[in-house]
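Only one structure is covered here, and it is reproduced in the block below.
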Amino acid sequence: MNLPNKITIFRLCMIPVILATALIEFPFHWTATVILYFFACVSDTVDGNIARKQHIVTDFGKLMDPLSDKSLVLTAFVIMVKLGYCDVVCFSLMLSREFLVSGIRMIACTKGEVIAANIFGKCKTFLQMASTGLVFLSLGISEFFALANIPFNYKFLGIAAAVMFWIACVVSVLSGIKYAKDGWYLIESK
């Protein structure tokens, strides 16, 4: 297995660790969460850059890289829904988009094709990672504010998170429409 694929597997393995640090309360658990989430998100860029630079793009990477991204981001959104920062409708629309695109990719695989992520999917992933990452970062900063007895405005965080998540949601839906349009020939020929 090449290095980019190992990094993709690493990202998948980070998911339960991030879940644990986010959901199990211990001193500075949000700080731990944001650090782990940051490394997991950066690993997405690193594995892609290495694969392209060393010309070791594989079918495994084309398929598993987007799936590991989806798993990581959707896990972060589950945490956001649990905390009350993300609306269930917003999350459901993004989840539906992920199932649609994954379904199209599965159909393509049965025909010997691999559909790699396009620029719209990459933009969607960036917005999702950035928005959830900013909330994790804010929660991490709030731990330091609490240590210094400085009040933290969670109401503002909730409003900012909702706006960011809905922007990510709109881009996700538009990206899903683009994948469906481009992959419709696969669906029609079934």
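None of these values were measured; they are calculated from a predicted model. Computed from heavy atoms alone, side chains included, the values below leave out hydrogens, waters and symmetry copies.
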Spell out, yes or no, whether [X] and [Y] are grouped together once hydrophobic residues are joined by side-chain heavy atoms under 4.5 Å, including indirect joins.
X    : Y    : result
V173 : F77  : no
F152 : I159 : no
L72  : M64  : yes
I24  : V17  : no
V135 : F144 : no

Minimum heavy-atom distance [X]-[Y], with the two atoms named:
X    : Y    : value
G183 : I104 : CA-CG2, 4.2 Å
A22  : T33  : N-OG1, 3.2 Å
E143 : H29  : OE2-N, 3.0 Å
T58  : N2   : CG2-ND2, 3.4 Å
M94  : F165 : CE-O, 4.4 Å
G176 : L100 : O-CD2, 3.7 Å

Can you confirm whether [X] sits close enough to [Y] that some side-chain heavy atom of one is under 4.5 Å from a side-chain heavy atom of the other?
X    : Y    : result
L74  : F91  : yes
I9   : M1   : yes
I56  : N5   : no
S131 : M80  : no
Y85  : L139 : yes
K70  : V101 : yes
F120 : V171 : no

F126, CZ atom: more than 12 neighbouring heavy atoms under 6.0 Å: no
F60 CZ: over 12 foreign heavy atoms closer than 6.0 Å: yes
Under 4.5 Å side-chain linkage, directly or through intermediates, the cluster mates of V57: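 Hydrophobic cluster check, V57: no partners found.
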ILVMFWY cluster membership beyond F156 - transitive side-chain contacts under 4.5 angstrom: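 None, because no other hydrophobic side chain comes under 4.5 Å of this residue.
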Side chain to side chain contact (heavy atoms under 4.5 Å, CB included) between E98 and V73, intermediate numbers included: CA-CA 11 Å; E98 301 305 342; V73 168; over 6 Å; no
Residue pair C123, I119: steps toward the side chain to side chain contact (heavy atoms under 4.5 Å, CB included) verdict: CA-CA 6 Å; C123 181; I119 190 68; 5.5 Å; no
How many angstroms lie between [atom1] in [X] and [atom2] in [Y], if you round to the nearest 0.5 Å?
X    : Y    : atom1 : atom2 : answer
I18  : L36  : CD1   : CG    : 6.0 Å
D44  : F39  : CG    : CZ    : 15.0 Å
M164 : C169 : CE    : SG    : 14.0 Å
D182 : I177 : CG    : CD1   : 12.0 Å
L12  : S71  : CG    : OG    : 5.5 Å
I7   : I50  : CD1   : CD1   : 4.0 Å

Main-chain N/O of L137 paired to Y37 side chain as donor or acceptor, under 3.5 Å: no
Donor-acceptor contact below 3.5 Å, side chain Q128 vs main chain A168: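 Not confirmed, Q128 side chain does not pair with A168 backbone.
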Any residue meeting side chain to side chain donor-acceptor pair (under 3.5 Å) with K6, in chain and number order, not counting sequence neighbours: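 Partners of K6 by the side chain to side chain donor-acceptor pair (under 3.5 Å) criterion come out as none, since no residue qualifies.
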Audit row: L147, F28, side chain to side chain contact (heavy atoms under 4.5 Å, CB included) steps and yes/no: CA-CA 10 Å; L147 188 65; F28 299 102; 3.9 Å; yes
Candidate pair D69 and R11, rule side chain to side chain contact (heavy atoms under 4.5 Å, CB included), full reasoning: CA-CA 8 Å; D69 296 343; R11 190 162 50 258; 3.0 Å; yes
